[in-house]
Amino acid sequence: MKMTEALLLLTLAIFCFSGAASQAGNQVDCSEFKNPGRGREIYCAKVYQPYCGSDGKTYTNKCFFCVAVMKNNGALRLKQIGAC
């Protein structure tokens with residue numbers, strides 16, 4: 001039974017790390033944070049789930065990262081998920 005549990009945990013860990021690594025260096029899908037209308041601001045929840053940008057700055061979460069991407073006209077890229 002312990003061998004099965006260990007194998008399951010290892011598989012889960014590999015799956016999680018491969019998902020994070022596949023986004024590193026790529027652009028994050030920010031479509032859910034598109035500007036809601038002319039003159040309106042995007043409000044982000046202050047939940048700490050850090051994203052590290054290619055500018056070396058740690059953004060609080062995906063929303064804050066995506067707002068920065070839009071302000072930089074898409075030039076900002078994801079360096080890694082997590083703090084810089």
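Between L76 and A68 the shortest heavy-atom distance is CD2-CB, 3.7 Å.
Residue pairs that meet the salt bridge (charged side-chain N to carboxylate O under 4.0 Å, His left out) test with at least one member in residues 66-76, sequence neighbours left out, do not exist here. Listed by first then second residue, pairs satisfying salt bridge (charged side-chain N to carboxylate O under 4.0 Å, His left out) with a partner in residues 47-57 number zero, not counting sequence neighbours.
Under the side-chain contact (heavy atoms from CB on, under 4.5 Å) criterion, T58 pairs with Y48, P50, A83, C84, not counting sequence neighbours. Taking the side chain to side chain donor-acceptor pair (under 3.5 Å) definition, one finds that N61 meets it with nothing, sequence neighbours left out.
By the 4.5 Å heavy-atom criterion applied to side chains, I81 and L78 are counted as neighbours.
With rounding to the nearest 0.5 angstrom, the CD atom of E32 is 8.0 Å from the SG atom of C63. The distance from atom CD of Q80 to atom SG of C52, rounded to the nearest 0.5 Å, is 4.5 Å. In this structure, OH on Y43 lies 15.5 Å from CZ on F33, to the nearest 0.5 angstrom.
Looking only at distances, a side-chain donor or acceptor of K62 sits under 3.5 Å from a matching main-chain atom of D29.
Under the 6.0 Å cut-off for aromatic ring centres, F65 and Y59 qualify, their centroids lying closer than that.
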